[in-house]
Amino acid sequence: MSIRVYNTLTGEKETFEPVNPGKVGIYLCGPTVYKPSHIGHAVGPVIFDAIKRYLTFRGFEVTWVVNITDVEDKLIAEAAAQNVPVFELARRVTEDYNSAMKKLGVTGIDHMPKASEYIGDIIDYIQRLVDKGAAYPSDGDVYFDVTVCKGYGKLSNRSPDEQFGQRELQSGQKRNPGDFCLWKASKPEEPDAVKFDSPWGAGRPGWHIDCSVMSMKLLGETFDIHGGGMDLIFPHHENEIAQSETATGQSFAKYWLHNGLTRFNTKKISKSDEEMARFMEKMVLTRLLAERDGELIRYLILGTHYRSPIDFSDEEVEAKRKGLMTFYRLFDRVLRITGTGVYGDSPSLSQAPGAVEEPLRGFADDVLSYRQRFVEVMDDDFNTAAAIAVLFELAGRINRFIDEQKVETEPGDASKAAVLAAGRELVELGRLLGLFLEPRAIAGAGGGERLDAVMRVLIDVRQYCRQNKDFRAADMIRDKLAEIGVTLVDRPGGTEWETR
RNA sequence: GGCGGCGUAGCCAAGAGGACUAAGGCGCGGGUUUGCAAAACCCGUAUUCAUGGGUUCGAAUCCCAUCGCCGCCUCCA
């Protein structure tokens, strides 16, 4: 079976064949670091992190680049407004971004190049375009001439003739309205930190050129996958293609993958929309991740196919949280039964299929068939939503096995081993999506020794009441605890407590 | 005006010509279990995929039209 991906360039699903067999280069357009990132900025990184994990699992050696744009108009303006040095602001925002990525389990990024560190390469590149007659200086700016690029518009299906008449751009310095800026002349009031010397005078790179230069520098002139939000298709990615392919004479990225945009009340989260300002505040990643578990946000993002838009709401997050608990509860259950956590490194069922013997073989076969199904749906354009559905089915199958075999009350070595191997399988598959990376116990969870002891007392008192058939008192203890978010659970082996 | 996306159960969301009398999650109803719960498991929750035509032996899936929502064409993940 081969992997198929939807390519924006062709508008079709294609069989994935890397430029160099066995190796995959991925470039994802990262943030411009002038303001805190919001939930929408997390979608691309989370999805591509899952894609990298999956491709690695499928045997590819993956190199993943996410750029940081730290030389840009809005960053300069914001730094001036806050009265801080440009690169100081950039550094702070980048740090927040990185810590958010860490919480989201995005660990696969190999390079995070900054535009400011590639100025020399960018200048060389622009010079190359000028030498080819594809770019022209004008009053200290340098523009790309879209008319020299015959394929211009192939990504976004726009022809310059039809489209640019609509724009009210009558820049006197441009030859054509669709020409875009490669190099931007500095203005006197701008800080020296962003004035770079060039053959055309002091200035800084235009918006698109840094992506072309850094991607080709790190991944080669032709690489495999270029990703970003759908809002980048035009003009950003279109212009990247134009300048890159004109410069090298070769095709740029082979597959273009675009993720859907995050919406709120069916509207795109936008930086300029007044009515959304308050919501935006809440959706700032650092704030959101202070309140919500990173794994939950990641799970929420992966619960929708990457090309579909995500409607974000508190209600939806809460519903998803309940779903995730199903897995955590099962993991706790497996730990209770086997004494070994599913997060450990004992073999999963697929790693040691022989470990499960004949009477339980049917169960083992089911588990392996879910694994197969998981691979099938992921092969089909990285359908993480369908993959998660398989995870739920697998979890249900394991729970049913435990119930039917009465593994909790009448455990046998064979059935316990089967439960552990199946649980490990579930975690292993989840980890291909970047889920279940870290142990997350819900029973008797992290309140320290003192709380643990207090809970023990309450549980013992309640047990005493129950033995004396004083169920009103016993239930009162349980109900009061429930009100503060602590659930008491009576199990065959005794009572345990859980927090939400 | 041009380009693109979306419309599947109460909600979220897969499915992209035959395995669909349409996955999975949340919610809801019934049951097993329990002192009662919680959890888990079982059963039920869309004869139908915005609407109307068409192509086809066969369509949620392809084509056309209509309605509604959204994005891009200026900075945007």
Side-chain angles (χ1 to χ4, degrees), chain A residues 6 8 11 13 28-32 34-35 37-48 66 72-74 153 156-159 162-169 178 207 227-236 238 258-263 266-272 299-300 303-305 307-311 313 315-326 329-330 332-333 373 377 380-381 383-393 395-404 408 442 466 469-472 474-475 478-479 482 487-492 495-498:
Chain A
Y6 181 88
T8 307
K13 267 187 206 170
L28 175 69
C29 283
T32 297
Y34 77 105
K35 261 188 177 175
S37 297
H38 58 69
I39 174 73
H41 293 112
V43 174
V46 165
I47 279 150
F48 278 90
V66 178
E72 199 265 346
D73 286 10
K74 284 211 285 252
S156 58
N157 286 317
R158 287 160 214 263
S159 80
E162 282 173 31
Q163 295 313 313
F164 299 124
Q166 298 294 330
R167 293 213 238 164
E168 297 191 30
L169 288 177
W207 176 35
M230 284 190 177
D231 51 351
L232 295 182
I233 294 172
F234 189 90
H236 188 232
E238 193 69 71
H258 290 100
N259 61 270
L261 304 176
T262 304
R263 307 185 304 184
T266 77
K267 286 213 162 115
K268 173 192 170 189
I269 295 180
S270 140
K271 287 174 180 164
S272 51
Y299 166 77
L300 173 89
T304 304
H305 181 86
R307 278 191 285 120
S308 301
I310 299 174
D311 264 306
S313 70
E315 294 71 34
E316 196 48 32
V317 176
E318 188 50 26
K320 292 291 180 189
R321 192 188 64 76
K322 288 177 178 164
L324 245 195
M325 291 295 284
T326 299
R329 280 196 204 95
L330 172 58
D332 271 9
R333 201 179 188 195
R373 175 81 188 131
V377 299
D380 185 7
D381 200 23
N383 194 339
T384 55
I388 287 174
V390 175
L391 258 30
F392 271 105
E393 291 183 84
R397 184 66 187 87
I398 297 171
N399 270 320
R400 184 149 53 89
F401 177 80
I402 294 171
D403 285 357
E404 285 173 354
E408 275 175 311
I442 52 169
R466 291 176 74 205
K469 303 265 189 260
D470 184 356
F471 294 119
R472 286 186 60 168
D475 289 350
R478 189 174 60 196
D479 293 347
T487 310
L488 287 189
V489 185
D490 298 323
R491 295 209 174 89
T495 301
E496 288 187 26
W497 62 283
E498 298 176 351

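Reminder, nothing fancy here: chain letters follow the sequence lines and each chain counts from 1. Keep in mind the model is a prediction, meaning the values are calculated, not measured.
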Classify the nucleic acid contact of [X] as base, sugar-phosphate or nothing, counting any heavy atom under 4.0 Å across all strands shown.
| X | answer |
| --- | --- |
| A/Gly11 | nothing |
| A/Ala389 | base |
| A/Leu28 | nothing |
| A/Ser313 | nothing |
| A/Val489 | base |
| A/Phe471 | base |
| A/Gly227 | nothing |
| A/Gly44 | nothing |
| A/Ile233 | nothing |
| A/Ser37 | nothing |
| A/His258 | nothing |

From C-beta outward on [X], which listed nucleotide comes closest to its side chain: [options]?
| X | options | answer |
| --- | --- | --- |
| A/Asp403 | B/C41, B/G24, B/A16 | B/C41 |
| A/Thr487 | B/C12, B/A38, B/G25 | B/A38 |
| A/Asp490 | B/A14, B/A37, B/G2 | B/A37 |
| A/Asp231 | B/A77, B/C36, B/C26 | B/A77 |
| A/Asn157 | B/G4, B/C73, B/A40 | B/G4 |
| A/Ala385 | B/C41, B/A13, B/G35 | B/A13 |
| A/Phe234 | B/C73, B/G4, B/C41 | B/C73 |
| A/Arg158 | B/G2, B/C26, B/G35 | B/G2 |
| A/Thr304 | B/C36, B/A40, B/A14 | B/A14 |
| A/His305 | B/C41, B/A77, B/A14 | B/A14 |

Distance between the [atom1] atoms of [N] and [M], in whole angstroms?
| N | M | atom1 | result |
| --- | --- | --- | --- |
| B/G53 | B/C67 | C1' | 15 Å |
| B/U34 | B/C28 | C1' | 22 Å |
| B/A38 | B/U32 | P | 14 Å |
| B/U8 | B/U61 | P | 14 Å |
| B/U47 | B/C11 | P | 14 Å |
| B/A23 | B/A9 | P | 13 Å |
| B/G25 | B/A14 | C1' | 11 Å |
| B/C42 | B/G24 | P | 11 Å |

In whole angstrom, give the distance that lies between atom [atom1] of [X] and atom [atom2] of [N].
| X | N | atom1 | atom2 | value |
| --- | --- | --- | --- | --- |
| A/His41 | B/A77 | NE2 | C1' | 5 Å |
| A/Asn383 | B/A23 | CG | C1' | 10 Å |
| A/Lys320 | B/G25 | NZ | P | 11 Å |
| A/Leu300 | B/C12 | CG | C1' | 10 Å |
| A/Asp381 | B/A16 | CG | P | 11 Å |
| A/Leu488 | B/C36 | CG | C1' | 13 Å |
| A/Glu496 | B/A38 | CD | P | 17 Å |
| A/Arg333 | B/A39 | CZ | P | 13 Å |

Assess the side chains of A/Ser156 and A/Glu238: does a donor N or O sit below 3.5 Å from an acceptor N or O? yes
Quick one about A/Arg333 and A/Asn399 (side-chain donor to acceptor, distance below 3.5 Å, no hydrogens or angles considered), yes or no? yes
Do [X] and [N] share a donor-acceptor pair, side chain to base, under 3.5 Å?
| X | N | value |
| --- | --- | --- |
| A/Lys74 | B/C75 | yes |
| A/Asp475 | B/G35 | yes |
| A/Arg400 | B/C42 | no |
| A/Arg478 | B/A37 | yes |

Point-to-point distance, once rounded to the nearest 0.5 Å, from [atom1] of [X] to [atom2] of [Y]:
| X | Y | atom1 | atom2 | value |
| --- | --- | --- | --- | --- |
| A/Glu496 | A/Thr487 | CD | OG1 | 12.5 Å |
| A/Thr495 | A/Arg478 | OG1 | CZ | 9.5 Å |
| A/Glu393 | A/Arg373 | CD | CZ | 8.0 Å |
| A/Arg397 | A/Ile402 | CZ | CD1 | 10.5 Å |

Please give the nucleotide sitting opposite [N] as a Watson-Crick or G-U wobble pair, both distances under 3.5 Å, or none.
| N | value |
| --- | --- |
| B/U66 | B/A50 |
| B/A22 | none |
| B/G71 | B/C3 |
| B/G17 | none |
| B/A9 | none |
| B/C28 | B/G44 |

Using heavy atoms to find the nearest nucleotide of RNA chain B for A/Ser156 and A/Asp380 separately, return the residue whose nucleotide is more 5′. A/Ser156
A/Met325 or A/Arg307, whichever maps to the more 5' nucleotide of RNA chain B: A/Arg307
Are A/Asp332 and A/Arg329 close enough for a salt bridge, meaning some N to O gap below 4.0 Å? no
Output, in order, the C-alpha distance, side-chain angles, deciding distance and verdict of side-chain contact (heavy atoms from CB on, under 4.5 Å) for A/Leu300 and A/Glu316. CA-CA 8 Å; A/Leu300 173 89; A/Glu316 196 48 32; 4.1 Å; yes
Main-chain N/O of A/Tyr6 paired to A/Asp381 side chain as donor or acceptor, under 3.5 Å: yes
Minimum-distance pair of heavy atoms, taken over all atoms of A/Pro45 and A/His41: CD-O, 3.0 Å
